[in-house]
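No hydrogens, no waters, no symmetry mates; every other heavy atom, side chains included, goes into these values. Counting begins at 1 with the first residue of the sequence.
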Amino acid sequence: VYKRQAWVPMNLEEDWQSGFRSHVIVGLARLAPGVTESEARAELERMAPGIAEAHPDYYTKLTAHVTGLREATVGDVRADLWVLLAGVVLVLLAGCINLANLLLVRGMDRRQERAVRAALGAGRGSLLRLSALEGLLLGAGGAVVALAVLGGGVSALATALPEGLPRRAEVELGAGLLVLTPAVALALGVGVGTLASILSMGRRGGRPGSGRRTTAGRRQQRVSRGLVVGQVALAFTLLVASGLLLRSFRTLAELSPGFEAGNTLAVDLLLPPGRYPDRAAASGFMRTLEARVEALPGVLEALSGYDPPTQGTWMERFTIVGDPPPAPGEALGGYFRPVSPGWFETFSIPVVAGRSFDESDGLDGVPTVIVNETWVRTQMPDRNPLGARIVMSTVRNNWSEEAPVEWEIVGVVSDVRFRGLREQPGAALYFSSRQAPTSFARFMVRTAGDPEAILPSLRQVLDELDPRLPISGATTLEGELRAATAQDRFNALLLIAFAVAALFVASAGLYGVLAYAVARRRTEVGVRMAMGAAPSRVWWMLVLEGLVLAGGGLLGGLGLSLLAGGALGSVLYGVSPRDPGVLATVIAVLATA
């Protein structure tokens, strides 16, 4: 609803001195002509130690990372896009095989026609040009159908793309796609038609032969059956890949994030330093805002934190009082998470030791901190953390010299997967926002009904308290959790669609070959039944031929799927690439088909 749409010039020196307490800057640099990325990286690596030495209070170990803008933009989804592209290629390959098989079967029925043409003087090149022309017509028909559905298909695809997909808004039906689609269809039609014609001609190029007709026909039937085996293998591979992605998505969807996200609206607030110059002003405003919003009809709780439970973005270093100082460059670190009293109760985050925050943890109270189980496991595994004190100057650096430096651990809470569902929880330190307020905050409202319905009332309350205070980034925690698995859901559903298409194509190809084989054996079947063979026995004889072809495809597909499973390892979660349940299900589906 509210989007950031304003840009202002930035003066780092003046902004730093004017009281801005948070400096998160993304640096973009265009390399000079002739300078490579590796040279720029080397230069920054030479500069980093000097920066750390000049500012020892802020940096103990500084490293430089140089990444291309394209890599930084799409790097997180590169593996997913390659998987989907591989699915597209496999479906296209299965369609080409099916077309080649059908043309090959049709070509075997036209041997006599080709022989007549050859006898009348048509050369091999002439026959191949005729086949290429027929393939061109098929490709043109496919191009027309593809263009007819392309507009709606691209629009539907753009709508279904995950929100977090880089450059999602730029997906459109462009001129390049309008040219590429018919070009690919025509090229494949000509190429596949010509190849099928070569295979169906045999060595004699369609000329009459003697006893070679039977041998050539059997050879062409073996080629046709081999193509069917390849189709089944491709369908098997796509079904296994889609099954693995679906299992991975279900595992992520069923994974507990460590908190309850229902009916919670989250918006971004930024308190300008000029109007909120100290901790008392910022803390007092947030306390008043929470009380006013909680008084609204339908609101259960109102809280604030620098990050919502779904995210962790602020890392800080600290030391433990009484412990030896860490070695140079090895400072202890954890996620800095200021939260309102009642945070853990609202989001159902269990307190496993000690206590939670309350209103006594204010500016006049003892500076307190609550840590999570991962913090205890990594920092104080053999000691009781309750009562221990840590030294962290973050609040003092962000506000004033009067802010505390030492903080007493008063509680331990269970872990929350705020780094993403795929990542293990990190070490976290929770502070009361009454004692450690921040200029930027995520304000959260738990409601009895639709959380988005409270947004106008929230805006009205903010206008009454501070009409110049902007809010942005309105979303729901449930929406953020769905977004965390959106890419996995999209990958699984799209690959399932590819797999179903490949299964249909493979089944059609298998049916076409068997129908041709049965038609050629019609006399044989009639003789068998006339001599007393039961219909069921004849039926099984013919079905067994299809099962043999499917079995060959299953064996080939099993090998391909094992390779594909290894390639999928980077996008799977909680599922083995060789999951026996998925393999057994796919075998059953293909055998039934």
Side-chain angles (χ1 to χ4, degrees), residues 4-82 85 164-170 268 270 273 306-307 311-319 325-337 378 391-398 418-420 422-424 426-429 438-440 487 569-571:
R4 302 175 182 86
Q5 294 179 325
W7 289 262
V8 297
M10 180 172 61
N11 186 313
L12 291 179
E13 183 175 356
E14 292 180 4
D15 289 346
W16 192 283
Q17 295 176 354
S18 65
F20 280 101
R21 290 176 289 269
S22 180
H23 301 80
V24 180
I25 300 171
V26 177
L28 299 177
R30 189 179 299 279
L31 297 179
V35 178
T36 64
E37 188 175 305
S38 59
E39 291 173 340
R41 182 182 297 109
E43 179 66 19
L44 285 177
E45 289 174 352
R46 286 193 296 268
M47 294 169 55
I51 297 175
E53 292 174 3
H55 304 279
D57 294 336
Y58 293 97
Y59 306 107
T60 58
K61 184 178 182 180
L62 185 65
T63 57
H65 300 278
V66 178
T67 305
L69 184 58
R70 183 186 301 275
E71 180 66 25
T73 302
V74 302
D76 291 340
V77 298
R78 184 181 299 277
D80 302 270
L81 296 178
W82 277 114
L85 180 60
L165 186 71
R167 306 178 71 176
R168 174 178 181 267
E170 299 177 37
D268 294 343
L270 181 62
Y306 182 81
D307 285 315
Q311 297 175 11
T313 59
W314 190 343
M315 287 285 292
E316 283 293 351
R317 62 188 181 93
F318 61 90
T319 58
E330 300 297 333
L332 304 179
Y335 285 91
F336 179 71
R337 300 181 68 78
T378 56
V391 174
M392 177 182 284
S393 59
T394 302
V395 179
R396 172 170 292 186
N397 292 337
N398 278 270
F418 52 78
R419 299 198 303 174
R422 289 176 173 269
E423 300 292 333
Q424 293 300 316
L429 303 101
T438 55
S439 299
F440 173 82
Q487 185 68 46
S570 61
V571 298

Do NZ/NE/NH1/NH2 and the carboxylate oxygens of Arg41 and Glu37 come within less than 4.0 Å?
-> yes

Would you indicate whether the side-chain heavy atoms of Asp307 and Tyr335 approach each other to under 4.5 Å?
-> no

Would you say Gln311 and Phe418 make side-chain contact, with heavy atoms under 4.5 Å?
-> no

Please check: side-chain N/O of [X] versus main-chain N/O of [Y], any donor-acceptor pairing under 3.5 Å?
{"X": "Arg419", "Y": "Gln424", "answer": "yes"}
{"X": "Glu39", "Y": "Thr36", "answer": "yes"}
{"X": "Ser393", "Y": "Arg396", "answer": "no"}

To the nearest 0.5 Å, atom CG of Leu429 lies from atom CD of Glu316 at 10.0 Å

OH on Tyr306 to OG1 on Thr313, rounded to 0.5 Å | 4.5 Å

Which atom pair, heavy atoms only, marks the closest approach of Met315 to Gly333?
-> CE-C, 4.2 Å

How far apart are the closest heavy atoms of Ala40 and Leu31, and which atoms are they?
-> CB-CD2, 3.6 Å

